Enquirer: 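I have a structure here, written as structure tokens, and I will follow up with some questions on it.
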Amino acid sequence: MLEYGLFYIAATVALISSLLAITRYNVSHALIYLIVSLLASAVIFYVLGAPFAAALEVLIYAGAIMVLFVFVIMMLNLGATGDVQAHLLLRPRMWLFPALLCLVLFAEIVYVLLSSERLLSGMVVTPKTVGIALFGPWVLAVEIASMLLLAGLVGAYHLGRRYLKDSREGATSSPEAAP
Amino acid sequence: MVELISILIIYGVLLGSLTGAAILIWFERRLLGIWQDRLGPNRVGPLGIGLALADVIKLFAKEDWIPPFADRLMFVLAPMAVMIAMLMGFAILPYAPGIHVADLNIGLLFFLGMTSLAVYSVLLGGLSSNNKYALLGGLRAAAQMVSYEVFMGLSLMGVVMLTGSFSLVEIVNYQQEHTWFIIPQFVGFVVFMIAGIAESHRLPFDLPEAEHELVAGFHTEYSGMKFGMFMVGEYLGVILISAIIAVIFFGGWLGPDFLPPIIWFAIKTFIFICFFILLRAAIPRPRYDQLMSFGWKYMLPLTLINLLATGAIVLWLQA
Amino acid sequence: MINTIWSQLVTLYRVLLHTFTPADTVQYPEEMPYLAPRYRGRIVLTRDPDGEERCVACNLCAVVCPVDCIALQKTEDQDGRWYPEFFRINFSRCIMCGMCEEACPTYAIQLTPDFEMCEYDRQKMVYEKEHLLISGQGKYPGYSFYGVAGKTIKGKAKGEALNEEEPVDIRSLLP
């Protein structure tokens, strides 16, 4: 019973905060609501018996990726102009069609969930089973994903390096150009 | 009866950790004084311990000022985040056999998740203050903490590999049967120690608030109890990291029988708190790019090599 | 890299050793610190062995004072001695640098090893001559400016000072 209560509370929090996240004009406020939404979904994962997924949700999504988002917002220094642009985006003309599409998807999910029997399974997935699954049957997928990440890492390093070299040359050439 | 005991434990941990953080304000200054050949605060009460109380009263009595140019929602939210996250971290600590708030099977991951959520307080505090120094402090904090979080988690994975569990109770039990993890996982201990200092942004890695460069960094605009919450959060972080080091690498409550287990736990934690303060007394602050390159160029490869070697040895022993 | 880490570890060890060194702190209000006799503290005006004021109001101290905290006015009495009509030091400005003491040709102005000057009212930090004058001779006992200077005052004609030759009689032809 308690699990159901927790689940519904967390689900409500997740829904409301997601809704708030997409309707805020201020980007940083929207991000806070998104973080709350991620935390709420972590609670849902935990209640559904996947503590490992819940921990990773907090650790990676809320703890690392969203930090980078906030970091980017701090770097951009949006200010009031960003709010005005967000205001324009939130006119009904802009969001009506995507919302309609989302509604269709939502209806499909509700149909699928209602037609299947297994709602709250109650099976606890331990970190060990996740690990065995990842490096047993799904080892190929893990390897491919890691290769992709490595390529991304090398690419980012290369791009950053070139930018650094350019800026250094610019810094050395500018005093000569000044007189 | 069982429920009553667990409620008592919860309140005990809450009260103990907050009191510990308040006393640490006095203790740190006193210890710094000793190491700098001074006396430190010694006027209020015996040995000056009344300073902790005086500081708390002062913080509560101060005007709680929100600057008109600040973003109110985030400004209020930021100091709460660090305190809540750090207090949540105390929930998974095993203090003695049977004395813990929650023995999660993902205990270690929960701890890592909570420390990574604590980053938000620094970040949002810096962003919402609408102040150059605060923003610079927040930017530094974001980059520093995200990078050091990476190998903070990875440095513990060697321990997890040997134990086969994320649960802190099982990690301690494993150390009882075998040996303390400081010996097989020495590299992991060193890396975790350094990353822990960076995560709790203590000196020498206190670049987010570097008072010589950034006034007070991310909490420049804060006053009163909001500033107090940042402060308490920082000290809670110090206690939490020390306790985690004691549990994971130094056998937690394990020790000879002449003292009860919880005392052994307290002694080990205390020694690491002292070590944190010693670092503050002795080591100068690195430059920001030195900090980042130190993290990515030395710490991360070291951690990965440690992880690889541990994995290989575990496999070799099994075969 | 190894050297850097080693040096940090040595630093830690050295600082840790300071656990056993006693603190250098002097617990001030209970335990007074030792101040040398030539410590630069509160300024006083001294008198010569006869009990007269040493100050001749030459204004050198006021000129040399970097914060301009000394103010005085010269006057002269019937004996021919110069002395200050008023002598005022604003101690809320004074930085106790001791330049006035060095500049003083008559050892009148002297700094003493006393620094406890706390007032709630800032005006009370302005010391007049009656506050500054002491009845003793300070650090240079036995010194009298008029006793060595060539200035004529009542009871001491030209040539009567210490090591002073008789004035030359320019109307005499004798060597």
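Just so we're on the same page: letters track the sequence lines, and every chain starts at 1. None of the values given here were measured: they were computed from a predicted structure. Reckoned from all heavy atoms, side chains included, excluding hydrogens, waters and symmetry mates.
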Enquirer: Please determine whether the number of non-hydrogen atoms from other residues, nucleotides or ligands lying under 6.0 Å from atom CH2 of A/Trp138 exceeds 12.
Expert: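 Incorrect, the count does not exceed 12.
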Enquirer: Under a 4.5 Å cut-off applied to non-hydrogen side-chain atoms, are A/Val67 and B/Glu149 in contact?
Expert: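 Counting from C-beta outward, A/Val67 and B/Glu149 never come under 4.5 Å.
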Enquirer: How long is the gap from CD1 on A/Ile32 to CG on B/Leu77, to the nearest 0.5 Å?
Expert: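 That separation rounds to 5.5 Å.
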Enquirer: For B/Leu109 versus A/Ala55, what's the shortest heavy-atom pair and its separation?
Expert: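 For B/Leu109 versus A/Ala55, the nearest heavy atoms are CB-CB, 3.6 Å.
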Enquirer: So, taking the atom named CG in A/Leu59 and the one named CG in B/Leu117, what distance separates them when rounded to the nearest 0.5 Å?
Expert: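 Those atoms lie 9.0 Å apart.
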Enquirer: Other residues, nucleotides and ligands only: do more than 12 of their heavy atoms fall within 6.0 Å of CE on B/Met88?
Expert: no
Enquirer: Should the heavy atoms of other residues, nucleotides or ligands under 6.0 Å from OH of B/Tyr288 be counted, would the total exceed 12?
Expert: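 Counting neighbours around OH of B/Tyr288, more than 12 heavy atoms of other residues, nucleotides or ligands fall under 6.0 Å, so yes.
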Enquirer: Got a second to check how far B/Ser116's OG is from A/Met66's CE, nearest 0.5 Å?
Expert: 12.5 Å
Enquirer: A/Ile60 versus chain B, heavy atoms under 4.5 Å apart: side chain, backbone, both or neither?
Expert: neither
Enquirer: At what distance, to the nearest 0.5 angstrom, does CG of B/Leu139 lie from CZ of A/Phe71?
Expert: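 The CZ atom of A/Phe71 is 5.5 Å from CG of B/Leu139, to the nearest 0.5 Å.
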Enquirer: Given a strict heavy-atom distance threshold of 4.5 Å, which part of B/Asp71 is in contact with chain A: side chain, backbone, both, or neither?
Expert: side chain
Enquirer: Among A/Gly131, A/Ala62, A/Ala64, A/Ala42, which residue forms the greatest number of heavy-atom pairs with chain B at distances under 4.5 Å?
Expert: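 Maximum pair count with chain B is reached by A/Ala62.
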Enquirer: Just wondering, are more than 12 heavy atoms of other shown residues or ligands nearer than 6.0 Å to OH in B/Tyr174?
Expert: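 More than 12 heavy atoms, drawn from other residues, nucleotides or ligands, come within 6.0 Å of this atom.
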Enquirer: If you measure from CG on B/Leu123 to CZ on A/Phe69, what distance do you get to the nearest 0.5 Å?
Expert: 13.5 Å
Enquirer: Quick check on A/Leu31 against chain B: is it the side chain, the backbone, both or neither that has a heavy atom closer than 4.5 Å?
Expert: neither
Enquirer: What pair of heavy atoms forms the shortest contact from B/Tyr120 to A/Val70, and how long is it?
Expert: CE2-CG2, 4.3 Å
Enquirer: More than 12 foreign heavy atoms under 6.0 Å from OH of B/Tyr133: is that the case here?
Expert: no
